[in-house]
Asks: 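What follows is a single structure, and I will ask about it in a moment.
Just so you know, ligand 1 is whichever comes first in the structure, and atom 1 is the first atom listed for that ligand.
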Amino acid sequence: MRFDDRTLARLATAVENRDPQALATLAALPPGHARIVGITGPPGAGKSTLVDAVTGALRREGKTVAILAVDPTSRITGGAILGDRIRMQQHHADGGVFIRSIATRGATGGLARATADLARLMDAAGKDYVLVETVGVGQDELEIASLADVTVVVLVPGMGDDVQAIKAGIMEIAGVFAINKSDQPGADRLERELRAEWQTPVLRTVATEGQGIDALVELIGTATVRERLHGGAADTAPLRSRLRIDHLGIAVESIDAALPLYQCLGLVPTHRETVAQEKVRVAMLPAGESRIELIEPSAPDSPVGKFLAKRGPGLHHVALRVPDLEAAAARLHAAGAKLLNEPRPGAGGHLYLFVHPASTGGVLLELIQEKLI
Ligand SMILES: Nc1nc2c(ncn2[C@@H]2O[C@H](COP(=O)(O)OP(=O)(O)OP(=O)(O)O)[C@@H](O)[C@H]2O)c(=O)[nH]1
Ligand SMILES: [Mg+2]
């Protein structure tokens, strides 16, 4: 899908503002092929300078680039953003580069969500690369970094304890360590320390001089995706995650009575819990990419208890995993579906909603959103 820049800019603003129509449009767009690259690290490490240099190198290869600068307005170094703007201006007149800064949102998670949506939009718009600059110190930034196909963690010599200021978890998701400002003393030592502790590729850059940029571009294009933070197994394109059946929920009178049959098939419960909100106890049995969820009522007035009384044990619901629950909800509303609740957080921290069987052809449908977005 190709948009002209003005259309893209307008859509980006609407998506950032959570406009339901724009979210529905976004959800309906087919995915593109963009490589989503996170550039993260402590304040002043030279992230913007690197983004700028990498953009220049990619443009010389004829690649189109979107730059999403997560604008840390809550930070004190107000001059940095202006500095970024001035530097980025060299690309501004270039139609192959789309630049957007994303302002800090009030609620935790809002920034990550807005950034993920914009990255997805840039991907759908056909960009070859989406570069996302964030300061690697907050939870939002950690989430954003973990959305990328590959994350460059920018470090500088002589950081010492400043490395500790980087949000725990950021180092783990690095696909590349860039020791920027390696024209300054201490680069050797930092490189030794990194190589001793991590298997992640390390390279040195001097962003202001354009040194090491070609090697960085090469690594960005080839570095393997690190294991996602919360999700377990590596996913090659988290932003383009497919719809899939997350689990089938089966209502039973007693989990303990039902389990042996499943266990003799090799399905083993990895997780059991009581969900107070729904008045149920559940056992999750992984089955390949999907799972079976056995559900028993934990109180007589539980909705599952009523289901059992009325229909007897059996298939209770089908749960689909979707990339953006709000967008899905907007589309379902528009289609006239009967939603039993608005998206709300479940026990595992994920968002979910239920669609009434009357709208789905007869089965209760649960929609679950990927945890990180
Ligand atoms: N000596 C040296 N200075 C550099 C290098 N890269 C960037 N700088 C300088 O470091 C300062 C900060 O660079 P930025 O690119 O704004 O750093 P940043 O990480 O984007 O900063 P924030 O967005 O404010 O967190 C600027 O004055 C740059 O010119 C480098 O490789 N060597
Ligand atoms: Mg910057």
Asks: Please report the interatomic distance CD1(Ile102) to CG(Leu118), rounded to the nearest 0.5 Å.
Replies: 4.5 Å
Asks: When you look for heavy atoms under 4.0 Å from ligand 1, do you find them on the side chain of Glu209, its backbone, both, or neither?
Replies: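 It is neither part, as no heavy atom is under 4.0 Å.
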Asks: Could you list the atoms of ligand 1 found under 4.0 angstrom from a heavy atom of Gln184?
Replies: 1 (N)
Asks: Rounded at 0.5 Å granularity, tell me how far CE in Met284 sits from CG in Leu267.
Replies: 13.0 Å
Asks: So, of the N/O/S atoms that Glu133 has, which is the nearest one to the Mg ion (ligand 2)?
Replies: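 Nearest N/O/S atom: OE2.
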Asks: Tell me, yes or no, whether the heavy-atom count around Arg311 atom CZ, taken from other residues, nucleotides or ligands under 6.0 Å, exceeds 12.
Replies: no
Asks: Quick check on the Mg ion (ligand 2): does Ser48 put an N/O/S atom closer than 2.8 Å to it?
Replies: yes
Asks: Are any of the N or O atoms of Val135 closer than 3.5 Å to those of ligand 1?
Replies: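 By distance alone, the answer is no.
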Asks: Is it the case that atom CZ in Arg189 sees more than 12 heavy atoms from other parts of the structure closer than 6.0 Å?
Replies: no
Asks: What distance separates Ile179 CD1 from Glu191 CD, expressed to the nearest 0.5 Å?
Replies: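 Rounded to the nearest 0.5 Å, the CD1-CD separation comes to 5.0 Å.
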Asks: Quick check on Glu61: does its CD atom have over 12 non-hydrogen neighbours (other residues, nucleotides or ligands) under 6.0 Å away?
Replies: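 Check passes, neighbour count above 12.
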Asks: Near Pro43, which atoms of ligand 1 are under 4.0 Å from a heavy atom of that residue?
Replies: 25 (O)
Asks: Can you check which of Lys47, Arg204, Glu133 brings a heavy atom nearest to atom 19 (O) of ligand 1?
Replies: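 The nearest heavy atom belongs to Lys47.
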Asks: Quick check on contacts: which atoms of ligand 1 are under 4.0 angstrom from a heavy atom of Thr49?
Replies: 7 (C), 13 (O), 14 (P), 15 (O), 28 (C)
Asks: Can you tell me which portion of Asp183 lies within the under-4.0 Å heavy-atom range of ligand 1? Options are side chain, backbone, both, or neither.
Replies: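 The answer is the side chain of Asp183.
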Asks: Please check whether Val206 reaches ligand 1 - meaning an N/O of the residue sits under 3.5 Å from an N/O of the ligand, judged on distance alone.
Replies: no
Asks: Any N or O on Ala45 sitting closer than 3.5 Å to an N or O of ligand 1?
Replies: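 Looking only at distances, the answer is yes, because the N/O contact criterion of under 3.5 Å is met.
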Asks: Only one of Pro297, Ser302, Ser298 forms a side chain to side chain contact (heavy atoms under 4.5 Å, CB included) with Arg281, so which one is it?
Replies: Ser298
Asks: What atoms of ligand 1 come closer than 4.0 angstrom to any heavy atom of Ala207?
Replies: 6 (N), 30 (C), 31 (O)
Asks: Could you grab the distance from atom CG of Leu155 to atom CE of Met171, nearest 0.5 Å is fine?
Replies: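 The CE atom of Met171 is 5.0 Å from CG of Leu155, to the nearest 0.5 Å.
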